[in-house]
Amino acid sequence: QVQLVESGGGVVQTGGSLGFSCAAPGRTLSGYATAWFRQAPGTEHEFVASSRWTDGITASADSVKGRFTISRDNAKNTVYLQINSLKPEDTAVYYCAADAWNRGTRAERHYGYWGQGTQVTVTS
């Protein structure tokens, strides 16, 4: 069982930036693809970005391209999400997720491990 713990998030003004981290205390993320999803009130999980372990290939949603960056530090077993140029529509709970099969897809169903989520609120 892999438990993921996110940190970061908060309240920020439009145009601001935030950084998140996601770790698996006591476990390694070696071999896992990791991803970030978000969920706004009344909506389903939306894919944000993913990163594969083996080749470091990343993917990101069109809505965040150029503004959000996913990265990982394998030595620290930590995944990061840097979000810039925030907009009010980025307001959501952001979740870290891990896929033991290292697929790195956009499909929520491929991620068997999830963090508890961290709230981001962007004010105008």
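Atoms considered below: every heavy atom in the structure, side chains included; atoms not considered: hydrogens, waters and symmetry mates.
With rounding to the nearest 0.5 angstrom, the NZ atom of K76 is 12.0 Å from the CG atom of N74. For the atom pair CZ (R103) and OG (S50), the distance works out to 12.0 Å, reported to the nearest 0.5 Å. A distance of 3.5 Å separates OG of S17 from CG of N84, quoted to the nearest 0.5 Å. W36 CH2 to T118 OG1: the interatomic distance, rounded to the nearest 0.5 Å, is 8.0 Å. To the nearest 0.5 angstrom, D99 atom CG is 11.0 Å from R109 atom CZ. Here I70 contributes atom CD1 and T34 contributes atom OG1; the two are 5.0 Å apart, rounded to the nearest 0.5 Å.
Here the closest heavy-atom approach between residue A24 and residue L4 is recorded as CB-CD2, 4.1 Å. Heavy atoms only, all atoms of each residue included: Q39 and Y95 are closest at OE1-OH, 3.8 Å. Among all heavy-atom pairs drawn from A92 and A40, the shortest one is CB-N, 3.8 Å. When all heavy atoms of N77 and S30 are compared, the pair lying nearest together is OD1-N, 4.2 Å. The shortest heavy-atom contact between R38 and S63 is NH2-OG, 3.7 Å.
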Exercise for the section: Begin from the C-alpha positions of T69 and L81 and carry the test side-chain contact (heavy atoms from CB on, under 4.5 Å) through to its verdict. Expected result: CA-CA 6 Å; T69 303; L81 183 69; over 6 Å; no

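In the model, S7 has a side-chain atom that pairs as donor or acceptor with a side-chain atom of S21 under 3.5 Å.
In this structure, F20 and Y94 have parallel ring planes: the angle between them is below the 30° cut-off, well short of the 60° mark.
The environment of CD in Q3 is sparse: at most 12 heavy-atom neighbours from other residues, nucleotides or ligands sit within 6.0 Å. Q13 CD: 12 or fewer foreign heavy atoms inside a 6.0 Å radius.
At a threshold of 4.5 Å between side-chain heavy atoms, the hydrophobic network of Ile, Leu, Val, Met, Phe, Trp and Tyr places F68 and V93 in two separate groups. Both V48 and Y113 belong to a common hydrophobic cluster when Ile, Leu, Val, Met, Phe, Trp and Tyr are linked at side-chain heavy-atom distances under 4.5 angstrom. In terms of hydrophobic clustering, with Ile, Leu, Val, Met, Phe, Trp and Tyr side chains grouped at heavy-atom distances under 4.5 Å, V64 and V120 are assigned to a common cluster.
Within the 4.5 Å cutoff, no side-chain heavy atoms of T14 are placed close to those of L86. L29 is listed as a side-chain neighbour of R72, based on a closest heavy-atom distance under 4.5 Å. Residues V5 and P25 meet the side-chain proximity criterion, which asks for heavy atoms closer than 4.5 Å.
Between D90 and K87 there is no salt bridge, since none of the side-chain N atoms of the basic residue sits less than 4.0 Å from a carboxylate O of the acidic one.
The ring pair (Phe, Tyr, Trp, His ring centres under 6.0 Å) search around F37 returns F47, Y111, W114, not counting sequence neighbours.
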